[in-house]
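Scroll down for the structure; my scribbles are underneath it.
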Amino acid sequence: MKRDLIKDVLAATGRDIPVTVAGWVRTRRDSKGGFSFIELNDGSSFGNIQVIADEKLPNYESEIARLFPGGSVVVKGTLVASQGSGQRVEVVADEVRVLGFCEPNDYPLQKQRVSFERLREIAHLRPRTNTFGAVLRVRNALAWATHRFFQERQFYYVHTPIITASDCEGAGEMFQVTTLDLDQLPMRDGAVDFAEDFFGKPAGLTVSGQLEGETYACALGNIYTFGPTFRAENSNTRRHLAEFWMIEPEMAFADLQDDADLAEDYLRYLFTYVLENCVEDLAFFNQRIEKTLLETLTRLATSTFKRITYTEAVDLLKKAPVTFEFPVGWGTDLQSEHERYLTEEVFKCPVTVINYPREIKAFYMRLNDDEKTVAAMDVLLPQVGEIIGGSQREDRHDLLMQRIVDNGLNPEDYWWYLDLRRFGGVPHAGFGLGFERIVQFCTGMHNIRDVIPFPRTPKNASF
RNA sequence: UCCGGCGUAGCUCAAUGGUAGAGCGGGUGGCUGUUAACCACUAGGUCGUAGGUUCGAGCCCUACCGCCGGAGCCA
């Protein structure tokens, strides 16, 4: 069907021109002047087009008067300057063809406030609301901006595997993937015989593409992944999903400072991009969801993020004139309340914390010269918390081997990962960014379940 | 998984242990270039589930289910 996007119609400068728009009715108001106002939305923009449907239209009584929120129509008409005050233009209909009626008694989205909790139960209809339409458009813009950012900098997009049978990812609980009959498991010596399974050994859904990403960075220079990630943690918070999307760049010939620079450049790029390309949607979020959103994004788009070492962070927290629920001490991980204090109270901006104690970080992070800390970094955002976790990777074969052993891991499981250090190893670094968390931050949406179309969380995989 | 809160009309929420209510949405009528429209009338309920206490439970107790917030784990 040839149609005009409502976004383009609303922005059109011409008048008295023929247009065809198609979409879903948001609301209908009747005038006793002998016509109805129909507000139509097709998802192309936040705003609706107002359609004037005269009672002289042949299907006015039989169909147009029966249009309620949710009904779908195609309207052929003329774009004119609006006589009313709420909108610049409107469409005077020559024809309103109803594609699908929508019974108001059954349709859950009426002209009323519906809670986000309720909308999660009707996730197939919630994209028709103002909020979720805006979320999707911002999410789309952030995805597009991500590819643009890395492509402009000559990073290659690498597709790392979703299913992985390597036992060595180590980040969080894995979902198991199997074709075995769970009611009749093949047993051998008292244990499940995975030789019978599809891959001949236990397999799971990826919890990170990093290790595979490193192999491509150590051949092609700079790469990034952008794909689904799965964590079978029983996490019930507003910042966790069991299935989420993660962006993981990896740079060869790079150290931790390069890594932190990239992370900050990337975040600023995203903020700038949505500010320039999602004006209407962000204005809505700023008005209805988070009053400081535009001010915050605008400030951060050009700001330098605070960068401090873990040791400095601990000193700051020890001197803090507030009492924390959890004690602060060098050698323990920073608690949420500590991170929030740093970003929201001390610096009031994103904070990159670097050089954590080796004991609390992953085995693959590069040991610093002090031999007490590793070249790790976390980027913390106000409200959202940890959005990026990254590091310079341990590129010295013997030290990596030692770290693997010290962590109680089996070096044989990491033979190919160790090979990268045997054959022309180079310093390299990268990070992982939780895509939904950046969507949360850029929309001000409070719950991560409302920034992904169909959230998967413990006890919930509907739709 | 732990701590706290919540579950009542299609939706958002009220209701000292004593006859279940309002607003929005729907229907009918009125009014209007309207725009969260407005005014009047009207229909609409197994109070999350299962037990228990009580003369009597939406309200008190127990268990379970689900949702929300915080924590942990992390992105």
Side-chain angles (χ1 to χ4, degrees), chain A residues 26-40 47-54 66 68-70 80-87 90 92 102-122 129-130 170-173 207-210 228-248 263 288 324-326 333-340 360-362 377-381 384-390 431-441 446-452 457-460 462:
Chain A
R26 281 295 172 80
T27 175
R28 190 198 83 228
R29 295 178 293 271
D30 300 326
S31 167
K32 277 296 183 294
F35 53 92
S36 291
F37 301 96
I38 302 169
E39 283 204 45
L40 209 59
N48 309 319
I49 189 77
Q50 177 164 285
V51 173
I52 311 297
D54 196 278
R66 289 171 51 216
F68 294 98
V80 300
S82 178
Q83 298 174 32
S85 57
Q87 57 285 316
E90 62 196 18
V92 177
C102 189
E103 274 305 312
N105 276 326
D106 302 329
Y107 189 60
L109 296 177
Q110 296 303 325
K111 284 194 303 176
Q112 61 198 335
R113 228 177 252 113
V114 180
S115 66
F116 289 141
E117 290 83 0
R118 167 70 184 144
L119 287 173
R120 275 173 221 147
E121 297 169 7
I122 48 172
T129 63
N130 284 335
E173 291 294 314
V207 294
S208 165
Q210 177 199 319
T229 307
F230 308 88
R231 303 266 169 97
E233 301 283 359
N234 190 12
S235 295
N236 291 288
T237 80
R238 60 186 182 84
R239 339 179 270 289
H240 286 88
L241 291 165
E243 176 184 291
F244 63 99
W245 288 68
M246 188 154 65
I247 293 131
E248 295 179 287
R288 300 294 284 271
F324 295 112
E325 187 186 345
F326 295 93
D333 215 346
L334 301 180
Q335 303 290 318
S336 285
E337 57 174 346
H338 304 145
E339 297 177 345
R340 287 201 1 225
I360 59 173
K361 287 293 182 182
M377 67 163 186
D378 284 354
V379 180
L380 313 173
L381 284 187
V384 171
E386 184 180 341
I387 187 146
I388 285 177
F431 61 80
L433 175 137
F435 186 58
E436 282 73 20
R437 288 192 181 169
I438 200 69
V439 181
Q440 257 189 293
F441 189 76
H446 298 133
N447 196 307
I448 200 167
R449 293 161 200 159
D450 297 327
V451 297
I452 189 168
T457 52
K459 301 277 184 286
N460 184 6
S462 303

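Predicted, not measured: the structure shown is a model, and the values here were computed from it.
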Once you apply a heavy-atom cut-off of 4.0 Å, does Arg118(A) come out as touching a base, just sugar-phosphate, or nothing?
sugar-phosphate

Contact letters for nucleotides 24-35 of chain B, in which S counts primed atoms plus P, OP1 and OP2 and B counts the base, heavy atoms under 4.0 Å:
BSSS---BBBBB

Does Arg28(A) place a side-chain N or O at less than 4.0 Å from the phosphate oxygens OP1/OP2 of A37(B)?
no

Side chains of Arg26(A) and Gln50(A): donor-acceptor distance under 3.5 Å anywhere?
no

What nucleic acid atoms does Thr237(A) come within less than 4.0 Å of, heavy atoms only: base, sugar-phosphate, or nothing?
base

For RNA chain B, which ranges pair as stems of 3 or more consecutive Watson-Crick or G-U pairs, with both donor-acceptor distances under 3.5 Å?
B:1-7 with B:65-71, B:10-13 with B:21-24, B:26-30 with B:38-42, B:48-52 with B:60-64

Rounded off to whole Å, could you give me the CD-to-C1' distance for the Glu121(A) and C67(B) pair?
8 Å

Does Arg449(A) have a side-chain nitrogen or oxygen under 4.0 Å from the phosphate oxygens OP1 or OP2 of C68(B)?
yes

To the nearest angstrom, the CZ-C1' distance between Arg239(A) and G72(B) comes to 10 Å

Go through U1(B), C68(B), C73(B) for me and flag the one nearest to the Arg120(A) side chain.
C68(B)

We want to know whether Glu39(A) and Thr27(A) form a side-chain donor-acceptor pair, criterion being a heavy-atom distance below 3.5 angstrom.
no

Counting side-chain heavy atoms from C-beta on, which of C68(B), A75(B), A71(B) comes nearest to Glu386(A)?
A75(B)

Ring centroids of Phe244(A) and A75(B) base under 5.5 Å with planes under 30°
yes

Out of curiosity, Asn48(A) CG to Leu40(A) CG, how far, rounded to the nearest 0.5 Å?
7.5 Å

Any Asn447(A) side-chain nitrogen or oxygen under 4.0 Å from OP1 or OP2 of G69(B)
yes

Just to be sure I understand the rule, does Arg238(A) reach a base, reach only the sugar-phosphate, or reach nothing, if contact means heavy atoms closer than 4.0 Å?
sugar-phosphate

Ser235(A) (side chain) and C74(B) (base): donor-acceptor pair under 3.5 Å
no

Heavy atoms only, 4.0 Å cut-off, all strands: where does Arg340(A) land among base, sugar-phosphate and nothing?
sugar-phosphate

Contact state string [nucleotides 42-50 of chain B, B base, S sugar-phosphate only, - no protein heavy atom under 4.0 Å]:
---------

For the side chain of Ser336(A), counting heavy atoms from C-beta on, which of A75(B), A71(B), C73(B) is nearest?
A71(B)

Please classify the nucleic acid contact of Leu241(A) as base, sugar-phosphate, or nothing, using heavy-atom distances under 4.0 Å.
base

